[in-house]
Structures are given as structure tokens and as C-alpha cells.
2 protein chains.
Amino acid sequence: MHRTDRYHLGMPVPKGSTIDPERTRAAILEAATTVLYERGLDGVGVAELCALVGVSKETLYRHFGTKDGLVEAMLRARSERVSRWLAEAAAAAGDDPHDQLAAVFDTLGEWYEDPAFRGCAMVNAATQHHVEAVRAVTTRHLDRYLDLLTGIAERAGAADPPLLGRQLLMLVEGATVVAAHHGTAGTGEQARQAALALLSAAARTGGGD
Amino acid sequence: MHRTDRYHLGMPVPKGSTIDPERTRAAILEAATTVLYERGLDGVGVAELCALVGVSKETLYRHFGTKDGLVEAMLRARSERVSRWLAEAAAAAGDDPHDQLAAVFDTLGEWYEDPAFRGCAMVNAATQHHVEAVRAVTTRHLDRYLDLLTGIAERAGAADPPLLGRQLLMLVEGATVVAAHHGTAGTGEQARQAALALLSAAARTGGGD
DNA sequence: CAGAGATCGAACCGATCGGTACGATCTCGG
DNA sequence: CCGAGATCGTACCGATCGGTTCGATCTCTG
């Protein structure tokens, strides 16, 4: 998008800014993403958050208005980022829907083994924070996942792609929950096998292309 | 177990109690279970909690020592209750492991449609509260689920019962997450179909009895 | 250089939190 | 009926929370 193009050819830009607010905003967002994911939305106060980012409270509040505003912006960005990440992993696996599905779960499996892994940030947020805007981001996040998985189901010739898509979504979120709360060991691999079994069964039932 | 049998035939019971502390404790536990599940562990303070139960703070703290203590006791009881509930539903479905598995997901599906449904209380708690004791209760809860599902996998003659058990556990928790955050409609039914498909595939691969 | 706007740092605010203390009241066993 | 123990209601505590305010820089633009 834009980064240092704060104004365009003397256009009626707000006024004339300084010190690159965009950069400041991005820095806050990045640090908040890390620390709020690790410690939980209510596990770190605004004061500590500002100290960690190296920014004053006034700056944070000027950019996001509210802690909830920051949380919402952070979740929105994170959802887009990880959704794109998964979709690209699937696309990079070639044209075979089976390979694409396997790639999705392999990617998830790698994530589970990251020491910083704490489950799905959007689901966690919706669980902790009962604010409507946050819940909306989470629902939309699951929609993105569902789109990806339903697309794979369609290309695999499943009898009922929306159904298989939902079932695969459950597997994705279930694997994430189990990895977060019941141990990481082998979760990605086990989930991948289950997903491929479901895909095969659905393709066998329906018409392979 | 016991209810009004505060002492047994003049045995050396602590001292001589009054007003039935057990009843008080149970009442606190029950009310806390409802309200802390609906509003979240940090969504209701001790003062409000006491007001809702109709009990003084001193009484609550005498019984549970700490808010965390109350949370832990409440989760422990709830985990045992819902695990037994699921296991009984499976047992009541007869001897066929397929029927037992179907019964588990039908039972879950009914739960999802309850307006008070807010996801798995234990997983929610572990997500919100970063206290070790709480996380331990959640892990043990998932162990209970895993035992039930692995047992079904064994009786169905799956090639690798522990593997299928974990995969079914992912499906259970995934269905719960999806129902809570992406809409209830049909989730139980869809999950049941997926579970039966996995069971059939695993039994076909392995040796049916 | 002058001024607009971004940032800082620290003080400050009211609210709420978990937890404690205490005197009054109640219930029951001996 | 008396005393032990459970309970109540309320006041209170220190800590922390999200959020506001303000004067002092700093940086860029015109």
C-alpha cells in the first residue's frame, strides 16, 4: 500500500504530518500482536504494553482510541496474515487437492511445534473478550478458513463440498485446540491423516472429476 | 455421597458443625459454574458472584480460600460431570462401537443447541486463565475424552486405536469450537458423519473383529 | 526560522479488583 | 440455655486497570 507517501503532490492531505505515524502504528501493532498473544488480552495492561513497545500511552491512544480498538486492529491484521499464509502453502503444493490439503496440515503442524504457539489467536480472543467486534473478526476468520477448505473439497470432487469443508474446518480448529491444551506431539501429522481420510471417503462417495 | 450425615454415630467428626457447610459449598459451586461459564472467569468479580449466590465474601473465602481455588474446584466437578454424561450416553447406545460414537456426537449436538452453550468450559478456562492448576484440569479433561474415544476405536477394531482416538478427540473439540464461534447450525450432525467416516476407514484398514 | 503536529513522560483520575477484618446474628449440639 | 461455629453485611485495604491531561521536546514542512 503506502508507507512514506504521507501526501500526494500537494493534495489536501489532513495537514502535514511528521515523524511517520504509520511507522509508529505498525510498531505498536507488531509488538501488541506478540505480547497479547503470549500473555492473553487481559494478561497485559496498557501501561506495560506501552513500555514494551517503547511508546507513550498518549501515542497508543491517538492511534487506536481504545485498548479494544488496538485489539481489534491487531486481530484483523493477524487473521489476514495467517489466512494468506495457509492459502499460499496450499497453492504452492500444486494442483492436486490432496496435496493441497496435506500442505495445509503440514503447515499447521509446523506452527504447533513453535514454542510460541498458544492456539488460534482469534478463537482465544473471542473466548476471552466478549466484545462484539472481536467476535466478528473471529467469525470472519473461520469463514476464511472455510473458504479455503471448501475450495479444496470442490476441486477434489467431493459429493458435498460445503459439508466436507465444515468437517475439515472442525479438524483444523480441533487440532489447534488439542495441540494447545493436550500436547503438541504428532498432532499435525495425525490431523493430516484424518483430513486425507475424510477427503478420500467424500471423493469416493461423490464423483471424482 | 453424603448430604445431611454430618457425623456418623458420634465419631470424632472435626468439632460439631452447623447450618450445613456442605450445602453452602455446593450452592456456591453450582451458581459459580453457571455464571462463570456464561460470562467468563474474569467477567464476574467475587463481590458480584457472592451477591448472585446469596452468600457473603467471608463464607466464599472460607470454603475455597481463593477465587482461583473456587475456579479450580468448579472446573474439576464440571469435568467429571460432563465426562460421565458423555460416557453414559455412549454406553446407553448399545454394544456397537459405531452406535456409541454416533451417540457421543448426538449428545454433543444437543449441547451445541442449548442457548447457554459457550464452548468447552475447561478449554475456555485454560485459554483465559494462565494458572497451572487450571491448565492441569483441562489436560485431564481431554484425557478423559481421549479414553472414551480410544475405547470406542479399540472395540471397533481400528488398526491404530490411539491414533483414531486422538483424531476423534480433535473432531470433538473442533466441533465444539466451530459451534461456539462459527454457528451452531448442523454442527453436531456434520461432526457425527465425519467421525463415523473416520471410524469406518480405520476399521476397514485395520481388522474388524 | 517559525509553526504544526507527533511524541514523550509522568502525574493524575475514578473504577474495580481480590482479599481481609469485624461485630452482629443465627443455628445447633451438649 | 449456653457456647461453638457458620454466616452475614459492610467497611476497608492496596493494587491495578483503562483512560486523560499537560508541559516539554522533537521533527519535519513551508
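This one's a predicted model, so the numbers in the text were calculated from it and none came from an experiment. So you know, we letter chains A, B, ... as the sequences are listed, proteins then strands, and number each from 1.
- For the residue pair B:Arg78 / B:His141, no side-chain donor-acceptor distance below 3.5 Å is found, with atom types taken as modelled.
- Considering only the side chain of A:Arg62, C:dT7 comes nearest among D:dC8, D:dG19, C:dT7.
- Under a 3.5 Å cut-off, the side chain of A:Thr139 and the backbone N or O of B:His181 do form a donor-acceptor pair.
- Between the C1' atom of C:dC8 and the OH atom of A:Tyr61 lies a distance of 16 Å, rounded to the nearest Å.
- Taking atom NE2 on A:His129 and atom P on D:dC17, their separation rounds to 14 Å, with Å as the unit.
- Proximity of B:Thr59 to the phosphate of D:dC8: a side-chain N or O atom is located under 4.0 Å from OP1 or OP2.
- No side-chain N or O of B:Ser79 forms a donor-acceptor pair with one of B:Arg140 less than 3.5 Å apart.
- Straight-line distance from the CG atom of A:Leu36 to the P atom of D:dC17: 13 Å, rounded to whole Å.
- Within 4.0 Å (heavy atoms only), B:Gly65 reaches no atom of the nucleic acid at all.
- Across the protein-nucleic acid pair, A:Glu48 atom CD and D:dG18 atom C1' stand 14 Å apart, rounded to whole Å.
- A:Arg23 has its CZ atom 16 Å from the P atom of D:dT27, to the nearest Å.
- For B:Leu60 and C:dC17, the CG to P distance is 14 Å, given to the nearest whole Å.
- For B:Lys57, the listed nucleotide lying nearest its side chain is C:dG19; candidates were C:dG19, D:dG19, D:dT7.
- Atom P of nucleotide C:dC17 and atom NZ of B:Lys67 are separated by 8 Å, given to the nearest angstrom.
- Taking only side-chain atoms of A:His63, from C-beta outward, the nucleotide of C:dT7, D:dC8, C:dG19 with the closest atom is C:dT7.
- Atoms CG (A:Leu49) and C1' (D:dT16) sit 15 Å apart, rounded to a whole Å.
- Ring-plane geometry between A:Trp85 and A:Trp111 is classed as perpendicular, the angle between the planes exceeding 60 degrees on a 0 to 90 degree scale with a lower cut at 30.
- When the side-chain nitrogen and oxygen atoms of A:Thr24 are compared with OP1 and OP2 of C:dA6, none of them lie within a distance under 4.0 Å.
- Nucleic acid contact for A:Gly69: none, since no nucleic acid atom lies under 4.0 Å from a heavy atom of the residue.
- In this structure, the nucleotide among D:dC8, C:dG19, D:dC22 sitting nearest to the side chain of B:Ser56 is D:dC8.
- Counting heavy atoms of neighbouring residues, nucleotides and ligands inside a 6.0 Å radius, atom CD of A:Glu30 does not exceed 12 of them.
- Of the candidates C:dG9, D:dG19, D:dT7, the closest approach to any side-chain atom of A:Glu58 belongs to C:dG9.
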